[in-house]
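Quick notes on the structure that follows.
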Amino acid sequence: MHANDRGHRHVYVPMRDGMKLSTYIKLPEGSGPWPVIVSRTPYPAALPVWLQRAEFWAEQGYAFVIQECRGTGRSEGEWVPFVHEMNDGLDSLLWTIRQRWSNGKLATYGSSYHGTLQWCMAEHLPPEVKTMYIAFAGIERYRQNYMNGMFRHDIYTVWALGNSGHHPLLPPDKLYREALSVRPHIEMDRRLFGQTLPWYRDWVTEVDPASSYWNTGLWAYLKETPRKTKVPVMLVAGWFDHNLEASVLSYNKLPEDIRRKSFFLIGPWVHTQDISGDLEYPNHDVWGPQQTKAALMWFDHHLKGKPLAAGDIAGTVQTYTIGEGSWKSRDGWIRGTDSIRYYLSAGQGEHTLTPGKPDRDRPVTFDYDPDRPVPTRGGAALMAYLTGAPDASRPASVVQDKPGTRGDVISFVSDEIREPLRIAGRIKACLYVSSDAEDTSFTVCVMEQRSDGTSYNIRDGITSLRFRNGRLSAYRPNETVPAEIELWPITWTIRKGSRLRVDISSSNFPAYHLHPNTAGPWALQETVKKARQTLRTGGSCPSWIDIPLDGVTPGTASS
């Protein structure tokens, strides 16, 4: 063991197979022993940040352990994402418990991958672990990688490039754009690294949610681990974080008795645990910078026996309402009291959203060219911005193009909203569509259009026809079919005088892969073709969106 100039002790902790993992320890001043917070990371570049964070926790009276995952940083072994995290994590916890500076009360802590690896060992935690703090992380890998058969390029291609474990053949600033352009995409790894990434190849070819890849082995085990959790969990998620959906599903799978002791915090944040985009979010930071105040409160309660500073928050979900700047306490989960349905109504010039179903079907057609995609503007399914690339798509809610900017984006706009429209839950869309292609995709983007005409995205979604309505389905060219798209949850108040706007198109790139308009796994397709798309808007084929309404009284969080 040795210490660096900041007093962090560095040791190599042996695993059950003999591999030794690089581990840093920061102890508070005094003789101890102390409660311990344990975290693990696969990101060597982030180690200085973690060492600085360790100093903060030591100042609060906690011993802090940060370990580099197998095959990363100074740790021994081979780096294979997720595979070793259960055993390595449990071995490291048992090692920590045996140390003289540990008082036998531990918590695990971390966000993103650091959170997912906590879920990996949740079922088998030793009794000394009293709680887990899991932020911006999830374990529903198919639903994280795909939405209705459409791969989340901007997230998982970027992640693969940065965590391949191999040296690229191109300069770092050229990797992402080159990766997006490779056809067939399955050859991306050979083109950029000169060798294959088997786990990434699985991700981009296993499009069917019913495939054995997602329903056996590690991924099948992981998505059920919340049901087996035996300690209270503090979960943190962001409305514009790519792990939001998986965080929600994880929370709702907790055993009822554990959920009543747990705490879920959802704010207007992106993956950096901070705000982004073109809107302002007053009061978003009442839980402290990057929710540190909330984490300290939670650990003080579970490891030191202090009362919760925010009152009786156990068993609640605290949500931030965009448009109001307020926090609301919810019992269990977001439950809307009602909903309102708007129908897409095509007109001769402008298209509208109406509360009544149009009697007449007025089809709207447009051409979708995969070589001329609609660029991503905001949303939650993004990660490339974390690289700092100047051309990366911006996350969160951003100003959108005006209606009519592109011929392949069809906009529908409601009348002015007479009273604030409080959205809480999952917006759902049902599109009656057809295409002259054997398979294709359709997108929906729901927005608030302010009185000055400026529009901000609320939620977006996408579906392929082959995987419409959440399952593998046959499709014949020019067949009209209903395609339902359930968007991620949100709490958002559309202000009085604004309008609701819905855009329909067929691409949202690079948030999602470009559908080649051919059948078969998208990553194996070498060529693309144009498609003529048709959206039906009335009569026997009424396309619509359902808006869930909030019944919770506004109020500022007590923290």
Side-chain angles (χ1 to χ4, degrees), residues 13-17 19 21-23 36-43 46 50 65-73 75-97 106-145 156 159-160 163 165 199-200 202-203 213-237 242-243 245-255 258 262:
V13 176
M15 301 294 103
R16 65 189 66 184
D17 63 355
M19 292 294 115
L21 304 190
S22 170
T23 305
V36 187
I37 299 172
V38 179
S39 191
R40 306 177 64 247
T41 180
Y43 306 126
W50 278 103
V65 175
I66 176 67
Q67 182 179 84
E68 297 182 287
C69 292
R70 178 182 296 243
T72 69
S75 288
E76 298 176 350
E78 179 186 4
W79 162 246
V80 182
F82 304 104
V83 170
H84 301 288
E85 306 307 356
M86 178 195 295
N87 289 341
D88 288 353
L90 293 173
D91 289 351
S92 301
L93 289 175
L94 293 175
W95 176 88
T96 301
I97 291 166
L106 280 68
T108 60
Y109 173 67
S111 66
S112 192
Y113 191 97
H114 314 77
T116 302
L117 58 79
Q118 293 179 69
W119 284 124
C120 288
M121 55 187 179
E123 180 183 2
H124 303 291
L125 290 173
E128 289 83 358
V129 177
K130 306 303 180 184
T131 187
M132 298 188 294
Y133 177 101
I134 300 177
F136 299 78
I139 39 73
E140 296 271 349
R141 294 310 299 187
Y142 179 82
R143 293 180 68 162
Q144 289 174 263
N145 285 36
Y156 294 105
W159 193 90
N163 297 278
W199 47 270
Y200 182 75
D202 288 337
W203 290 1
Y213 177 75
W214 303 110
N215 293 282
T216 59
L218 176 63
W219 301 131
Y221 173 81
L222 265 183
K223 68 182 180 181
E224 296 304 315
T225 54
R227 303 188 195 279
K228 304 167 186 176
T229 301
K230 301 177 179 65
V231 299
V233 184
M234 179 171 177
L235 291 175
V236 182
H242 64 267
N243 285 314
E245 170 84 333
S247 298
V248 169
L249 294 171
S250 298
Y251 175 77
N252 286 328
K253 286 181 179 180
L254 290 172
I258 296 299
S262 297

Between [Y] and [X], is there a side-chain heavy-atom distance shorter than 4.5 Å?
X	Y	value
Met86	His124	yes
Val36	Val65	yes
Leu125	Lys228	no
Thr108	Leu93	yes
Lys223	Tyr142	no
Val236	Phe136	yes

Report the distance from atom [atom1] of [X] to atom [atom2] of [Y], rounding to the nearest 0.5 Å.
X	Y	atom1	atom2	result
Asn243	Leu249	CG	CG	11.5 Å
Met121	Ser92	CE	OG	8.0 Å
Ile139	Cys120	CD1	SG	9.5 Å
Leu90	Glu85	CG	CD	11.0 Å
Arg40	Leu117	CZ	CG	5.5 Å
Met15	Leu21	CE	CG	4.0 Å

Within the side chain of [X], is there an N or O that forms a donor-acceptor pair under 3.5 Å with the backbone of [Y]?
X	Y	result
Trp119	Ile134	no
Glu224	Ala220	no
Ser247	Ala137	yes
Thr116	Gly138	yes
Thr131	Pro232	yes
Thr229	Thr225	yes

If we ignore angles and hydrogens, is there a donor and acceptor under 3.5 Å between the side chains of Glu68 and Ser22? yes
For side-chain contact (heavy atoms from CB on, under 4.5 Å), just list the numbers for Tyr251 and Val233, CA-CA rounded to whole Å, side-chain angles, deciding distance to a tenth of an Å, and then say yes or no. CA-CA 9 Å; Tyr251 175 77; Val233 184; over 6 Å; no
Using the rule side chain to side chain contact (heavy atoms under 4.5 Å, CB included), only one of Ile97, Thr96, Leu106 pairs with Pro126; which is it? Ile97
Locate the shortest heavy-atom distance separating [X] from [Y]; write the atom from each residue and the value.
X	Y	value
Val13	Gln67	CB-NE2, 4.0 Å
Ser39	Trp50	OG-CH2, 3.3 Å
Trp199	Tyr213	O-OH, 4.1 Å
Glu76	Arg70	O-CG, 3.5 Å
Ser75	Cys69	CB-O, 3.4 Å

So Val38 and Gln118, side-chain contact (heavy atoms from CB on, under 4.5 Å) or not? Walk me through it. CA-CA 10 Å; Val38 179; Gln118 293 179 69; over 6 Å; no
Taking side-chain contact (heavy atoms from CB on, under 4.5 Å) as the test, write out the residues that go with Arg141, two or more places apart. Phe82, Gln144, Asn145, Tyr156, Trp203, Trp214, Trp219
Ring geometry between Tyr113 and Trp159 (parallel below 30°, tilted from 30 to 60°, perpendicular above 60°): parallel
